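Heads up, the thing below is written out as structure tokens.
This is a predicted model, so every value here is computed, not measured. Here is the naming used below: chain letters follow the sequence lines, and residue numbers restart at 1 for every chain.
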Protein chains: 2
Amino acid sequence: MMLETRSQATISRILDVARTLFLTKSYADVSMASLASGADVTKGALYHHFAGKEELYLALLHRDLKSKGLLFRQSVDAPGTARERLARLTRDFLTLPREERALIRLVRRDINIFHDPVRANLIAAYQQALPNCVGSIIEDGIKAGELRPQDTRLASWHFVAMVEVTLTPYANGVLGDVNAKLNHVLDLFFRGSAA
Amino acid sequence: MMLETRSQATISRILDVARTLFLTKSYADVSMASLASGADVTKGALYHHFAGKEELYLALLHRDLKSKGLLFRQSVDAPGTARERLARLTRDFLTLPREERALIRLVRRDINIFHDPVRANLIAAYQQALPNCVGSIIEDGIKAGELRPQDTRLASWHFVAMVEVTLTPYANGVLGDVNAKLNHVLDLFFRGSAA
DNA sequence: ATAATGACATACCGACCGGTCGGTATGAGA
DNA sequence: TCTCATACCGACCGGTCGGTATGTCATTAT
């Protein structure tokens, strides 16, 4: 019974290394050997805990989706104006540890590595988690008259795109402060750029 | 002397296939053999014209950057309000053949495959081509009082991010018409989403 | 006429990768 | 203490990939 904990610790170590490596290198460039050595186990241990490379990758996403889903739901369920709720959601996202933030962009990069429709759907679900949260807030904002009627899906993607682009290396150094980034996105989204 | 034309034709065929393959598969998953067979030559021909896989990839970007740079400059140099010029630039981009549009997103995906700083800079230059064009238009708009003063770099990235997201598969089917996409981005960027 | 060059084809190498498998160490339960 | 499942090791395999060495043939220069 206590061995389950040991197993979970190993699995956790493997997934932590996987997160780091998959973020810095492309999917194909991350070898099972490098994952093993990074987690201080052998390849045999990897295949003991995971059916294969793809399953390991998906397990990584699944673990992350669970924790993020919990975090995001709090922002969506929170009361307040659409702007306040979007601000909270975005702040929660931007103040996440760097690697956890980057994961959600990783999936956009690796979107077409799985040809199996079931796995592709898993990836898609993960990818749409944040836009869906934004979308429901925007929908409420439209109903409340706070936002003008528009295509909710597209508006969500536009909003998320602006948030994500602040994580791009090229945007770093431009605005270092989270609050500044946050306000820039919110101002642009609500009031636009016109003078 | 006439053989140069034959060479160029072969090179062009190789780069065309490379564009298609690199867009549908990840960098590592595109093999030199598949590039060769797709271009109806052998691997020997590839290594005759290109020093290696990386050089081939960079040549692909370089060829595309030249043609896009020409196109974009026309929009930047055009007269009119910032909104008109951004509209033209965006329209030029959105009406590009599908594969040429997608190339600029491809680079964002493969940003971290080259560890050599020289090559990484080439990638970065390619990646910043469109944002730079947008940036200079925005700058003019601010000077003309058409746009409120703001961080030009970040605003450019926000604008480009919104344009690019309309190319995402998940945005397809939402707004099929180029004009509709264009207007949605411009409206959001200038006027915001507030009621 | 012949040497030289450019544009390929063919055959092959070494490295590496995902995955397998027989075996071992460990620790819980009877 | 015996049993047995689980966690893990390490050698190995088939296959693929980037890259190279060498040959062939048409064209061009001398």
Side-chain angles (χ1 to χ4, degrees), chain A residues 1-61 63 110 112-116 119 123, chain B residues 1-61 63 110 112-116 119 123:
Chain A
M1 187 185 289
M2 274 300 150
L3 281 188
E4 285 181 23
T5 332
R6 177 181 164 203
S7 217
Q8 285 168 2
T10 304
I11 290 177
S12 189
R13 249 168 43 232
I14 293 172
L15 291 183
D16 285 346
V17 173
R19 193 176 58 185
T20 302
L21 288 185
F22 280 127
L23 278 177
T24 54
K25 310 164 83 172
S26 79
Y27 176 81
D29 281 337
V30 175
S31 68
M32 294 298 270
S34 67
L35 287 171
S37 80
D40 268 319
V41 290
T42 58
K43 269 172 60 178
L46 290 192
Y47 283 93
H48 174 72
H49 291 291
F50 303 97
K53 190 180 181 183
E54 298 192 351
E55 275 69 21
L56 199 158
Y57 183 88
L58 291 175
L60 169 65
L61 294 190
R63 184 184 73 162
D110 289 338
N112 47 3
I113 57 177
F114 298 132
H115 305 293
D116 171 23
R119 289 169 182 168
I123 301 269
Chain B
M1 186 183 289
M2 273 301 147
L3 279 188
E4 286 181 23
T5 327
R6 177 181 165 205
S7 223
Q8 286 169 1
T10 304
I11 290 177
S12 188
R13 250 167 42 229
I14 293 172
L15 290 182
D16 286 345
V17 173
R19 192 177 58 186
T20 302
L21 288 185
F22 281 127
L23 278 176
T24 54
K25 310 164 83 172
S26 80
Y27 176 82
D29 282 336
V30 175
S31 68
M32 294 298 269
S34 67
L35 287 172
S37 79
D40 268 321
V41 289
T42 58
K43 270 173 59 177
L46 290 192
Y47 283 93
H48 174 71
H49 291 291
F50 303 98
K53 189 181 181 183
E54 298 191 353
E55 274 69 20
L56 200 158
Y57 183 89
L58 291 175
L60 169 65
L61 294 190
R63 183 184 74 161
D110 289 339
N112 48 2
I113 57 177
F114 297 132
H115 306 294
D116 170 23
R119 289 170 183 167
I123 301 269

Requested in this report: Evaluate the criterion side-chain contact (heavy atoms from CB on, under 4.5 Å) for residue pair A:His48 and A:Thr42; output intermediate values, then yes/no.
Outcome: CA-CA 10 Å; A:His48 174 72; A:Thr42 58; over 6 Å; no
Requested in this report: Show the numbers, then the answer: is there a side-chain contact (heavy atoms from CB on, under 4.5 Å) between A:Phe50 and A:Leu15?
Outcome: CA-CA 11 Å; A:Phe50 303 97; A:Leu15 291 183; 3.9 Å; yes
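Atoms OG1 and CG, from A:Thr20 and A:Leu35 in turn, are 10.0 Å apart once rounded to the nearest 0.5 Å. Atom NZ of A:Lys53 and atom CG of A:Leu46 lie 11.5 Å apart (nearest 0.5 Å). Note that NE2 of A:His49 is 15.0 Å distant from CD of A:Glu55, once rounded to the nearest 0.5 Å.
Remark: B:His49 is in phosphate contact with C:dC8, judged by side-chain N or O atoms under 4.0 Å from OP1 or OP2.
At whole-Å resolution of the value, CD in B:Gln8 and P in C:dC8 are 12 Å apart.
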Any protein N or O atoms within reach of nucleotides 24-26 of chain D? Criterion: under 3.5 Å, listing atom names and distances.
none

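The salt bridge (Lys or Arg N to Asp or Glu O under 4.0 Å) search around A:Asp40 returns none, not counting sequence neighbours. With sequence neighbours excluded, no residue forms a side-chain hydrogen bond (donor to acceptor under 3.5 Å, both in side chains) with A:Arg13.
Over its length, the helix from C:dA1-D:dT30 to C:dA30-D:dT1 turns its helix axis by 10°, as judged from the five terminal pairs at each end, rounded to 10°.
Each side-chain hydrogen bond (donor to acceptor under 3.5 Å, both in side chains) pair with one or both residues in residues 27-38 of chain B, not counting sequence neighbours, appears once here: B:Ser26-B:Asp29, B:Ser31-B:Ser34.
Residues A:Met32 and A:Leu56 are in side-chain contact: their nearest non-hydrogen atoms beyond the backbone lie under 4.5 Å apart. At least one side-chain heavy atom of B:Tyr57 sits under 4.5 Å from a side-chain heavy atom of B:Ile123.
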Requested in this report: Mark up nucleotides 9-24 of chain C, 5' to 3', with B wherever a protein heavy atom is under 4.0 angstrom from a base atom, S wherever such an atom reaches only the sugar-phosphate, and - elsewhere.
Outcome: BB------SBBB----
